[in-house]
Protein chains: 2
Amino acid sequence: MVRKPTKSNVKAVSTRKPNMREAILAAAEELFSTYGFNAVSVRDIAQAAGANPGSVTYHFKTKDGLLLEIYRRHCGPMNRRRSELLAAARRVRDLQDRLEAIVRAYVLPAFTSGSDLAGGGTRFTRLRAIMSAEGNEVVRKIIAQTFDDTSHAFIDAIHESLPHIPRTDLVWRGHFLLGALYYTLVTPERVSRLSRGSADGTDAGHAIEELVRATVAALQAAPLDPPISAPRKVPGAAPGRALT
Amino acid sequence: MVRKPTKSNVKAVSTRKPNMREAILAAAEELFSTYGFNAVSVRDIAQAAGANPGSVTYHFKTKDGLLLEIYRRHCGPMNRRRSELLAAARRVRDLQDRLEAIVRAYVLPAFTSGSDLAGGGTRFTRLRAIMSAEGNEVVRKIIAQTFDDTSHAFIDAIHESLPHIPRTDLVWRGHFLLGALYYTLVTPERVSRLSRGSADGTDAGHAIEELVRATVAALQAAPLDPPISAPRKVPGAAPGRALT
DNA sequence: ACCATATTTGTACTATCGTCCAAATAATCA
DNA sequence: TGATTATTTGGACGATAGTACAAATATGGT
């Protein structure tokens, strides 16, 4: 469990749990992001936090309320950080570099959250991944409300860097990016296994670079032409050149 | 094991299920792939199949056994189809076309299964996506056993088409492809929403084309250079040219 | 030290879970 | 047909789920 390192500076605040509410939140976040929402019981969370099951009900009313509070905790900082990085990325002069910066601004906050720097970002992103897979109804709304705006902002920024590619295609590719990001965080061991040990799937930095590189290339690909009929090589007749 | 109807007339056969075992399997597949494994109870499945909860135990012993049987049902046909398409793709002369054919050979069977053509492929793939997110232990083994071989075969084929790109990078990009594929099937409505209605997320054909196009471009991207330090534009000095 | 409040504890309630089992029913074949 | 097997049924079991609530305890202001 996520135990805070002994802080020797702030007086002797007694050895008791300084804030049980936070401990419960941390335990729930860890367990939910690992086993999913349905597989974890309130009692599991309480035990992991060293608390009584009744305390969970006291602080968060219901299990759904606990999940909701986790989202409230992270969505704000994460989207704020994304907006900052996106604004900075927009100021990059070189078009190719700008596009890469935009993608990085989208990906980076998913790995390093604002509130909890030590893996907190990946935990929350892993949680979102699992929740989207489980189709949790409580979460679907907050996801749509909180993230669609940010997603639109990113799509718009990308569209500015790649004006010759229809928005629809960019939406698809952004969608793929999110799926790849989620899957990478959900199955961190798979890459190591398939690479025969030559790559370390737990190295977040390397994963980010691979993801950014692949995504930038995908975004720059020539758009699909109106008819789906002919999956042939795309000549230079496209609305804009495919790659810069 | 497969029973056949000796009676060709209708008579007063009542409204009984001709093959309850199959009905249970179909219901379980549908429910699991929609709500996840943990959220669906044996009683839910029985009711959806018009069966008695005891029948589920009779045919599949346990809930895990039921899940396992679903996998046994699909893995064979799907991987066989993948191998066929991969073999055909390998024979394509043009390098660019061959790469695209390989990717298509990987993606297509995920949408159209061999046993159940009417959406059966997407259902099973959605199921795998949810299971990978939930981290189901019963499934992790069969996934590793059944799919890693196929994945290796595809990585090898891709590596033949792009020999200048290190295997590790191709593994990452194949990983991203799978994540994008999973996410697309798990949240079929998201693309429509973000596209402001201009794209239909339920159009499997279009989704495949978008996914193939994006993936081919991602695979062709210049590989990451040894040091992660400089995320700069990649000049022609790379082991091979980035795009053809 | 006192009181008011905030939190924790222990327990209990109902609902539902996966699984089991004996009896009832349908299907198969000598 | 009757005998035998295969399948379905309805009910039951113990375990565990989420939640509620009163008593016990800790906390903080005065």
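Residue numbers start from 1 in every chain, and the chains themselves are labelled A, B, ... in the order their sequence lines are given, proteins ahead of strands. Remember, predicted model here, so these are calculated numbers, not experimental data.
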Inset, instruction - Give me the bend of the helix from C:dA1-D:dT30 to C:dA30-D:dT1, using the axes of the five pairs at each end, rounded to 10°. - result: 20°
Separation of [X] atom [atom1] from [N] atom [atom2], in whole Å?
X     : N      : atom1 : atom2 : result
B:Q47 : C:dG18 : CD    : P     : 14 Å
B:F37 : C:dC17 : CZ    : P     : 13 Å
B:N38 : D:dA17 : CG    : P     : 12 Å
A:K63 : C:dT16 : NZ    : C1'   : 13 Å
A:Y58 : D:dA22 : OH    : P     : 15 Å
A:I24 : D:dT19 : CD1   : P     : 14 Å
A:R43 : C:dT16 : CZ    : C1'   : 13 Å
B:N19 : C:dA27 : CG    : P     : 12 Å

Options [options], nucleotide nearest the side-chain atoms of [X]:
X     : options                : answer
B:S55 : C:dT19, D:dT9, D:dA20  : D:dT9
B:K61 : D:dT19, C:dC20, C:dG18 : C:dC20
A:T57 : C:dG18, C:dC20, D:dA20 : D:dA20
B:D44 : C:dT19, D:dG10, C:dC17 : C:dC17

Inset, instruction - For A:R21, answer base if it contacts any base atom (sugar-phosphate contacts may also be present), sugar-phosphate if it contacts only those atoms, and nothing otherwise; contact means non-hydrogen atoms under 4.0 Å. - result: nothing
Inset, instruction - Identify whether any heavy atom of A:V56 sits under 4.0 Å from a base atom; if not, whether one sits that close to sugar-phosphate; answer base, sugar-phosphate or nothing. - result: nothing
So, is [X] near the phosphate of [N], with a side-chain N or O under 4.0 Å from OP1 or OP2?
X     : N      : answer
B:H59 : D:dA6  : no
B:N52 : D:dT8  : no
B:S41 : C:dC17 : yes

Legend entry - Charged N-O contact under 4.0 Å between B:R213 and A:D169: no
Legend entry - Carboxylate-amine/guanidinium proximity below 4.0 Å for A:R21 and A:E69: yes
Inset, instruction - Kindly assign one of parallel, tilted or perpendicular to the pair A:W172 and A:H175, based on the angle between their ring planes and the thresholds 30° and 60°. - result: perpendicular
Inset, instruction - Look at the aromatic rings of B:F124 and B:H74 and report parallel, tilted or perpendicular, splitting at 30° and 60°. - result: parallel
Inset, instruction - Start with the C-alpha gap between B:D64 and B:F37, add the side-chain angles, then the distance that decides, and say whether side-chain contact (heavy atoms from CB on, under 4.5 Å) holds. - result: CA-CA 9 Å; B:D64 285 342; B:F37 182 74; 3.3 Å; yes
Inset, instruction - Using only heavy-atom distances, determine whether the side chains of A:N52 and A:S55 contain a donor-acceptor pair under 3.5 Å. - result: no
Inset, instruction - Mark yes when over 12 heavy atoms from residues, nucleotides or ligands other than A:Q47 sit less than 6.0 Å from its CD; otherwise mark no. - result: no
